[in-house]
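Below is one structure, written out as structure tokens; the observations come after it.
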Amino acid sequence: MKKILLSIFIMGFGSPFSAQKSIDQKVSDLLAKMTVEEKAGQLSQLNSDWEDLTGPILQKKDEDKVVLIQQGKLGSILNVRSVAQTRMLQEYAMKSRLRIPLLFGQDVIHGFRTTFPVNIGQAASWDLNLIEKSERIAATEAAAFGIHWTFAPMVDISRDPRWGRVMEGSGEDTYLGSLIGVARVKGFQGKGLGNIDAVMACAKHFAAYGAAVGGRDYNSVDVSLRQLHETYLPPFKAAAEAGVATFMNSFNDINGIPATADAYIQRDLLKGKWGFKGFVVSDWGSIGEMVNHGYAKDKTDASLKAILAGSDMDMESRAYIENLPQLVKEGTIDIKIIDDAVRRVLTKKFELGLFDDPFRFCNDDRQKQQTNNPEHRKFGREFGSKSIVLLKNETSILPLSKTTKTIALIGPFGKETTANHGFWAVPFKDDKDRIISQYDGIKNQLSKNSTLLYAKGSNVDDEDRSMFAEAVETARNADVVIMTLGEGPNMSGEAKSRSNIHFSGVQEELLKEISKTGKPSVLLINAGRPLVFDWAADHIPTIMYTWWLGTEAGNSIADVLFGAVNPGGKLPMTFPRTEGQIPVYYNHYNTGRPAAKSTDRNYVSAYIDLDNDPKYPFGYGLSYTNFNYSDFQLSSEHPTGNQELKISVTVTNTGNFDGEEVVQLYIRDLVGKVVRPVKELKGFQKIFLKKGERRTVTFSLNPESLKFYDDQLSYEWEEGEFDIMVGTDSENVQTKRIYWKK
Ligand code: NOJ
């Protein structure tokens with residue numbers, strides 16, 4: 001009887017032990033059955049050609065990929081997004097010998113069906129909960145469309161706003177960038193891979209991509225090892241510690257070695273010291289591009305160098321499919337290297353549950369539920385408003401009254417819809433109808449008896465001044481003018497570096513013409529990076545930085561304009577006075593000849609024609625209310641060893657509105673084995689205070705926060721003097737000095 005039961009069990013449900021088989025064992029079993037061609041296939045990812053296709057493959061150009069899938073020689077596809085398409089391709093994979101499911105990857109960067117502020121705008125919220133929640137929503141939506149894997153978060157630190165990709169990052173600060181990166185990983189991966197609403201995250205671009213020389217995309221990076229560890233690597237380490245499933249390497253070379261072939265960062269650090277168990281995907285074509293770098297003589301050589309250095313999956317180079325089998329057969333590559341990479345990829349496919357059901361992410365009902373989801377839109381509206389940074393409100397014209405008789409909205413972005421998505425949005429056919437323009441957002445909140453006028457005034461990026469006269473006339477007819485200017489959504493993002501980061505085209509001229517009318521005006525700046533707008537900053541009394549805010553942009557902006565939301569965003573990146581000041585960042589060194597005042601020019605580290613300080617510092621942002629800082633206290637002026645230092649400050653809302661404030665903590669290590677920055681962010685808290693309310697905010701520091709990399713790359717702290725600073729931004733701080741003894 002027992003025997004019969006056992007054999008039924010075996011026949012009906014597979015081996016009695018199989019359920020308990022670890023993923024590791026399952027991967028080993030599968031690896032043992034795979035040919036080297038199939039292994040190379042698992043390490044290869046190609047782009048989708050199936051944009052609009054939901055039926056059988058018809059186009060000639062696709063046949064090759066379908067054949068590869070059916071032969072089990074392709075592991076992953078990117079840019080395919082819909083239940084119908086992913087199902088169709090997965091069905092081809094199920095015709096292959098070993099039925100290994102495909103992985104579907106997609107750049108889900110600032111939302112998916114519901115888009116959110118571009119990432120630098122999100123960072124301006126300094127709100128880790130909102131950021132995590134936005135990625136939770138993005139993951140839920142993307143997973144419902146058959147996607148398993150997003151190529152985010154981008155955790156590149158950058159000090160150069162000319163670099164177009166700053167829109168996708170969290171700005172210039174390593175500490176803030178690390179926390180935001182972790183929040184994003186948590187949001188994407190939710191309760192863990194295997195849940196139907198979790199997608200794999202990908203920390204990119206490993207590494208130092210944001211340090212591209214001259215801010216030019218894809219350019220070389222020359223950075224000391226110490227700086228690499230201090231500034232650029234920590235967000236990646238933090239993402240690895242948070243359990244990010246994958247990494248993507250970067251296009252740039254670091255000190256002469258293309259990152260794709262950099263064994264030090266990929267093998268020694270990531271997979272070695274940091275113990276990362278996921279896999280590394282190359283950036284698009286970056287294996288093949290090592291030929292252009294002059295680092296590999298051909299794609300075969302590039303494949304060898306990339307796989308040896310720890311690049312597990314080849315995105316779009318077709319280098320691995322074409323070369324790895326031969327390199328193994330001739331004995332140039334040990335199969336163990338390939339097996340390790342394939343193991344990493346297959347493990348993730350098991351963890352996602354794809355071997356249990358390759359179609360589990362292909363569910364039409366879920367897809368429908370996640371289209372135009374009202375809860376997600378509601379969240380997007382809130383997130384948008386919390387990302388806005390108020391730069392100036394000198395005449396306190398804001399918040400506007402909803403009964404203002406006539407408002408004129410002027411500028412090329414006023415009636416934009418899809419542009420609000422920002423650069424990385426995944427396009428869908430119904431986008432235009434779903435996105436709230438600034439015009440509609442304002443109109444919807446304005447009282448029925450008021451009038452909203454509109455004039456485009458100029459295009460985004462040409463010399464056409466023919467619309468000026470109408471715009472000036474429109475302004476004259478209004479009580480308040482809202483100007484909406486900036487750069488187009490396609491002027492930041494990948495391959496969108498700019499040498500001139502002023503408002504594009506003739507927008508500044510338009511602004512000058514309108515300001516001659518003398519009408520009270522508000523300037524909204526739409527951008528994916530810090531722009532240079534010195535004239536506006538000096539002449540326009542009210543300025544809000546609105547980035548690109550996503551699906552609900554118009555509503556978010558109107559909420560802030562009319563005061564339903566009091567702006568509380570703070571800049572995650574320093575705003576320069578001119579391009580010539582770049583790179584300008586708050587955590588610089590003091591130098592041997594620091595300027596005592598920012599206007600000092602004489603034989604000090606300065607420009608003879610420009611002040612040293614930026615236009616707006618890191619951490620800066622105003623509110624409709626005022627916050628007063630008082631009673632700054634430390635638990636000790638002489639902490640010792642591992643003692644915890646408590647820092648407290650009382651913040652009072654002294655203005656007329658309830659509001660949020662980001663209270664910031666900085667330190668300076670006065671003397672170090674290597675020189676230390678004049679300020680380093682070490683903590684922040686976002687608090688909400690009702691008008692008249694006060695709260696004591698407490699931070700704690702321990703020696704862990706004092707550590708830094710010395711010239712031998714040892715990570716230690718040193719006894720000595722430290723300045724402890726708290727304040728509302730990186731310039732506006734109160735300081736107390738302590739001596740921390742070992
Ligand atoms: C190139 C970009 O650098 C990377 O960030 C992106 O994920 C891939 N293309 C895929 O679209």
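Just so you know, ligand 1 is whichever comes first in the structure, and atom 1 is the first atom listed for that ligand.
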- Ion pair check, E241 and K237, cut-off under 4.0 Å: yes

How about [X] and [Y]: are their ring centroids closer than 6.0 Å?
X: W274; Y: F236; answer: no
X: F575; Y: Y545; answer: yes
X: W548; Y: F413; answer: yes
X: W126; Y: F618; answer: yes
X: Y232; Y: F206; answer: no

- Message: What does the 4.0 Å heavy-atom contact list look like for ligand 1?
- Response: L78, D107, F151, R165, K204, H205, M248, F251, D283, W284, M315, E494

